[in-house]
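One structure below.
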Amino acid sequence: MLNLELFTPELTLAATAIVVILLDLVIPRKGWLVVVSLAGVVVAAGFTIAMWGGSSQAIFNNMLAVDNFALFFKLLFLAIAALVILASVDYVSKFSRFQGEYYALVLLSALGMMLMAATAELISIYIALELASISLYVLVGFLKDPKSTEASLKYLLLGAVASAVLLFGMALVFGFTGQTQLGEIAQAIQGLSLSGVLDSPGLILGMVLMVAGFGFKIAAIPFHMWVPDVYEGAPTPITAYLSVASKAAGFAIILRVFYSAFGLPSWLSLDWGFIFAVLAAIGMTLGNVIAIPQTNIKRMLGYSSIAQAGYLMVGLAVVGFSPAAEVVGRSSLLFFLASYALTNLGAFTAIIAISNKVDSDLIQDYSGMGRRAPLLALALTLCLISLIGMPPAAGFMAKFYIFSGAVQHGLLWLVVIAVINSVISAYYYLRVVKVMWLGEPASEEKVPSSGALRLALSLSCLGVLLLGVIPGYIMKLAEMAAKMFAF
Amino acid sequence: MDFNYLTTIIFLPVVGAILIAFIPGLSGRLIKRLAALFTFVPLALSIYLFAIFDRSGSAIQFEEKFSWIPAINAHYHLGVDGLSLPLVILMALLGFLVVLISWKIDLRPREYFAWLLLLETSILGVFCSLDLLLFFLFWEIEVIPMYFLISIWGTGRKEYSAIKYVVYTLFGSAMMLAGILSLYFATGSLSMVDIAQGGLVMVQSVMPVTAIFFLLLIGFAVKLPVFPLHTWLPDAHTDAPTAVSVVLAGALLKMGGYGMIRLCVTIFPQVAQQYAPLLVAFAVVSVLYGAAVTLRQADLKRLIAYSSISHMGYVLLGIFALGQVSLVGASLQMFSHGIITGLLFAMAGLVMHNAGERDLRKLGGLVRQMPIIAVIFSVAGLGALGLPTTSGFAAEFLVFVGSFSSTVVSGIQVYTILGVLGIVITAGYILWMLQRVFYGPALEKFNGVKDADILERVYMFVFVAVIMLVGIYPAILTDVIKTGIMPIMGLLGG
């Protein structure tokens with residue numbers, strides 16, 4: 001049975017992408033491309049919401065899971081795509097050509113990520129990942145200036161290596177278990193005795209290589225080398241897109257794979273839980289410390305995103321350490337991803353608006369923004385406060401939720417490292433705040449912003465505040481989503 | 001109770017802040033009037049609460065409880081008891097008075113008053129929260145307005161002081177967050193009330209309670225501050241604008257003392273008893289070290305800032321003497337220090353503003369130009385050194401009597417006597433300061449310096465009235481405080 005109706009969000013998105021490219025050929029007013037893209041995203045989101053809460057099931061011979069977990073991520077990616085498209089309008093209108101391709105690639109990449117959240121089979125995981133990645137490689141190089149090209153090439157080469165490593169890991173796991181479907185891999189592993197696994201380190205090696213392959217996607221240390229250069233060189237809306245959507249997709253797939261395939265027996269999950277705990281500790285410390293001397297705000301946010309990946313991996317460690325029945329690790333991770341997505345999108349949208357005018361990404365050029373653009377500066381301040389993890393912004397609740405799970409499973413040491421890291425991070429985030437509000441403006445000229453940008457910015461800031469003050473509802477959704485489909 | 005008094009008191013200032021920040025085209029005068037309005041109403045309401053507060057029992061009153069985040073069992077839970085009500089009134093009072101003190105602010109008034117009002121909301125929230133997450137939320141929010149207030153409207157090395165303040169505070173609250181999370185994990189509850197009522201039974205088995213106690217204590221000790229975690233205080237106080245110094249010394253430091261009583265002592269009475277000797281020793285060091293360093297200060301504001309360290313040492317002494325009288329004394333000392341040091345900073349601000357000088361070596365003879373300020377400054381100074389009929393006397397007397405007779409710490413008599421020596425040094429630096437500022441030969445350069453104007457006299461009068469009222473009739477507060485301390489004594493088994 002094909003069950004195509006469960007595949008409607010993806011089909012809608014693919015169709016929209018094709019329509020956008022075709023429309024670009026015939027219509028002279030490119031504004032319509034935005035409208036069509038957004039309409040496609042909204043329709044796809046509508047289909048997704050309609051499926052929410054239904055019973056979990058698998059389609060296409062157990063290749064794709066349609067469960068609340070996948071639906072949660074699909075909604076997240078659609079929301080991110082919509083905000084990125086809104087934030088891109090000004091940016092893209094400066095291009096003379098290829099506007100249709102830009103929006104189509106954003107949509108296709110979102111499609112790839114949606115598939116990543118849903119796939120439950122190694123080969124389709126790989127295909128979904130490549131669909132998302134290849135679209136992003138092109139988008140990163142879209143500016144065609146030397147920096148953008150360098151970023152794109154770097155991203156492509158390192159991404160290809162990561163894919164190869166991932167494939168190798170998958171091959172080892174397949175060779176060891178004889179299965180590509182996650183549920184069947186899990187059964188094969190559970191059917192083994194302890195010594196049976198220990199005698200064949202191939203499985204463990206496969207697992208570790210998969211951590212490395214996925215680690216590239218989520219910018220985990222030591223697979224983070226591409227982040228600062230790519231963030232700096234890419235068009236800013238794409239940087240925003242990379243920093244949230246690509247990372248969320250990486251976490252979605254890690255959760256799915258490690259939870260479904262390697263979740264049991266518990267000593268195995270303790271093993272990878274510990275790997276993630278160590279990566280988390282190193283990642284947040286290194287990311288935060290290197291972020292301090294940065295002078296380019298996009299680079300700074302690049303390192304900040306490495307640190308944020310560290311906090312998120314605390315959640316992965318919790319998943320590894322907690323019994324399979326408990327949802328707190330997974331649900332707190334989902335909540336953190338949602339709040340991080342809104343926060344970072346808000347920050348980047350504000351940066352897009354400001355750099356449109358001042359034409360620079362250097363922090364010192366943000367001097368006096370508090371007077372030149374009070375609302376933009378206020379929004380950026382809110383997002384930076386959220387990134388520090390201070391109330392009343394979403395970042396605080398997200399950290400509280402994720403850390404409370406960690407304390408519950410004996411990871412107090414990791415939590416102490418994480419909270420001290422939050423203090424370190426306050427230093428460089430607040431430096432931007434300081435420059436904006438305390439510095440003397442270079443000119444008295446106001447900074448204008450377009451309607452689309454303002455809409456994207458107010459939506460994300462509103463989300464940041466809502467998640468920070470009344471997070472109950474989203475937490476409940478995250479809890480529902482955390483109950484994954486079991487094969 | 002149908003009307004949500006506490007919610008109204010806490011959130012009116014922030015409503016004012018939003019109005020001030022976002023209504024376009026407000027004039028400076030209108031902003032100040034709005035700020036005054038939105039701080040006066042909470043003050044009036046809190047005095048009304050004080051009047052109708054039931055002094056016969058020791059229950060938590062004016063409680064409000066709603067489910068907030070079901071996923072982690074967090075509630076929007078507010079309430080006051082005898083311990084927190086005086087501090088709520090203190091903050092509401094200072095919140096209104098600092099608006100008056102700030103009346104001459106002309107630099108970016110819109111932002112200034114918005115931040116000031118947000119600051120008031122967060123401190124009031126800390127004193128009223130009965131849910132740990134809510135408590136921590138308000139505790140953290142306070143940092144942001146403080147950062148802006150010091151770094152934009154401050155003087156001297158203001159940006160350095162502001163970031164130093166933020167880093168210290170965040171470090172303390174990071175420890176506190178780890179403590180709160182451990183508590184939550186150990187008890188499955190975020191309600192201070194439930195945890196205090198024996199939710200700790202199961203903690204013993206999973207994680208050393210002592211660790212949680214100290215994680216929380218570090219957070220509060222940074223704020224109080226306790227030697228050697230105090231070094232942010234002189235910088236922040238000195239470089240902050242006058243009104244912010246008043247709030248900082250007057251109400252913000254009390255968050256530390258309040259947290260120690262509310263969480264450390266109430267939830268971990270046994271651990272508190274076990275480590276009381278150590279903490280009492282730290283208290284005495286704070287008192288003597290703070291006083292000794294104060295003696296050497298040549299900057300008017302820095303002098304008052306260091307005196308706070310010494311005075312907060314008394315609070316720590318009173319708390320960890322763990323006797324009923326000493327705890328009441330510590331709570332009263334928090335209130336009294338808030339008013340007295342608030343007034344000292346306000347007066348120091350006036351001297352600086354009117355005379356344009358804050359270096360004690362260059363000041364002198366000002367009593368001729370500003371007689372009223374001189375008198376009020378002296379009253380505040382006498383309060384600080386604990387002269388009878390001022391609130392400072394009542395509070396310090398209770399602390400000393402209480403700790404001297406405490407049975408929890410052996411040899412506390414010695415500590416107490418050492419602490420009393422601090423009073424002597426206090427008398428020294430206060431009187432010397434007054435002498436250097438106001439007396440001696442009149443200096444020509446200060447000719448034409450103005451005295452306090454009408455508005456300034458009004459708030460001076462309020463400060464002095466409260467100091468005298470509590471000094472002459474301390475029972476007006478101690479009756480209330482006692483109802484908050486009684487249940488803690490029950491926990492301490494004394």
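What you are looking at is a predicted structure, and each value in this text was computed from that prediction instead of being measured. Just so we're on the same page: letters track the sequence lines, and every chain starts at 1.
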| Once the angle between the rings of A:Phe69 and A:Phe73 is folded into 0 to 90°, is it parallel (under 30°), tilted (30 to 60°) or perpendicular (over 60°)? | perpendicular

| task | Classify the angle between the aromatic ring planes of B:Phe213 and B:Phe268 as parallel (below 30°), tilted (30 to 60°) or perpendicular (above 60°). | result | perpendicular

| Parallel, tilted or perpendicular: which describes the rings of B:Phe136 and A:Phe396, with under 30° parallel and over 60° perpendicular? | parallel

| Sidechain N-carboxylate O distance under 4.0 Å for B:Lys32, B:Asp106 | yes

| Engaged part of B:Val167 at the chain A interface, taking heavy atoms whose separation is under 4.5 Å | both

| said: Other residues, nucleotides and ligands only: do more than 12 of their heavy atoms fall within 6.0 Å of OH on B:Tyr76? | reply: yes

| task | Check whether A:Phe400 gets within reach of chain B through its side chain, its backbone, both or neither, counting any heavy atom under 4.5 Å. | result | both

| query | Between A:Arg431 and B:Glu159, is the closest basic N to carboxylate O distance under 4.0 Å? | reply | no

| Residue B:Phe138 versus chain A: region with a heavy atom under 4.5 Å | neither

| Are side-chain heavy atoms of B:Leu263 and B:Leu132 found at a separation under 4.5 Å? | yes

| task | Go through the atoms of A:Tyr401 and report whether side chain, backbone, both or neither lie under 4.5 Å from a heavy atom of chain B. | result | side chain

| request: Take B:Met176 and B:Ile218 through the test side-chain contact (heavy atoms from CB on, under 4.5 Å) and record every step on the way to the result. | output: CA-CA 7 Å; B:Met176 203 164 99; B:Ile218 290 176; over 6 Å; no

| field | Selection from B:Ala71, B:Ser67, B:Ala178, B:Ala21 maximising heavy-atom pairs under 4.5 Å formed with chain A | value | B:Ala71

| request: Kindly indicate, with the supporting measurements, whether the criterion side-chain contact (heavy atoms from CB on, under 4.5 Å) is fulfilled by A:Tyr429 and A:Ser304. | output: CA-CA 9 Å; A:Tyr429 289 127; A:Ser304 126; 2.8 Å; yes

| field | Proximity breakdown for B:Leu177 and chain A, heavy-atom pairs closer than 4.5 Å | value | side chain

| Proximity breakdown for A:Thr381 and chain B, heavy-atom pairs closer than 4.5 Å | side chain

Sequence neighbours left out, cut at 3.5 Å: what donor-acceptor pairs do the side chains of residues 145-153 of chain B make with other protein atoms?
from	atom 1	to	atom 2	distance (Å)
B:Ser151	OG	B:Tyr147	O	2.7
B:Trp153	NE1	B:Leu107	O	2.7

| said: Between B:Phe220 and B:Trp139 (judged by ring centroids, cut-off 6.0 Å), do the two rings come close enough to count as a pair? | reply: yes

| Taking A:Trp437, A:Tyr427, A:Phe403 one by one, which has the highest count of heavy-atom pairs under 4.5 Å against chain B? | A:Trp437

| Top of A:Ala418, A:Gly468, A:Gly472 for chain B proximity - count of heavy-atom pairs under 4.5 angstrom | A:Gly472

| request: Answer with side chain, backbone, both or neither: which region of B:Leu190 has an atom nearer than 4.5 Å to a non-hydrogen atom of chain A? | output: side chain

| query | Quick one: what part of B:Leu137 sits under 4.5 Å from any heavy atom of chain A, side chain, backbone, both or neither? | reply | both

| field | Residue pair B:Ser161, B:Asp239: steps toward the side chain to side chain donor-acceptor pair (under 3.5 Å) verdict | value | CA-CA 7 Å; B:Ser161 301; B:Asp239 295 337; 2.4 Å; yes

| query | What part of A:Gln408 gets closer than 4.5 Å to chain B, counting heavy atoms only: side chain, backbone, both or neither? | reply | both

| message | Ring of A:Tyr311, cation from A:Lys399 - is the NZ or CZ under 6.0 Å from the centre and inside 45° of the axis? | response | yes

| In terms of heavy-atom proximity below 4.5 Å to chain B, should A:Val469 be classed as side chain, backbone, both, or neither? | backbone

| request: Return the option, out of A:Val416, A:Leu430, A:Ile424, with the maximum number of heavy-atom pairs under 4.5 Å with chain B. | output: A:Leu430

| Considering only heavy atoms from C-beta outward, does the side chain of B:Arg262 approach that of B:Phe135 to under 4.5 Å? | no

| request: Go through B:Phe22, B:Trp68, B:Phe171 and name the one with the most non-hydrogen pairs under 4.5 angstrom from chain A. | output: B:Trp68

| message | For residues 369-377 of chain A, give me every residue with a non-hydrogen atom less than 4.5 Å from any non-hydrogen atom of chain B. | response | A:Arg371, A:Leu375

| task | Just give me the residue among B:Ile144, B:Val143, B:Leu133, B:Ile72 that pairs up with chain A most often, heavy atom to heavy atom, under 4.5 Å. | result | B:Leu133

| said: Less than 4.5 Å to any heavy atom of chain B: does that hold for the side chain of A:Lys476, its backbone, both, or neither? | reply: neither

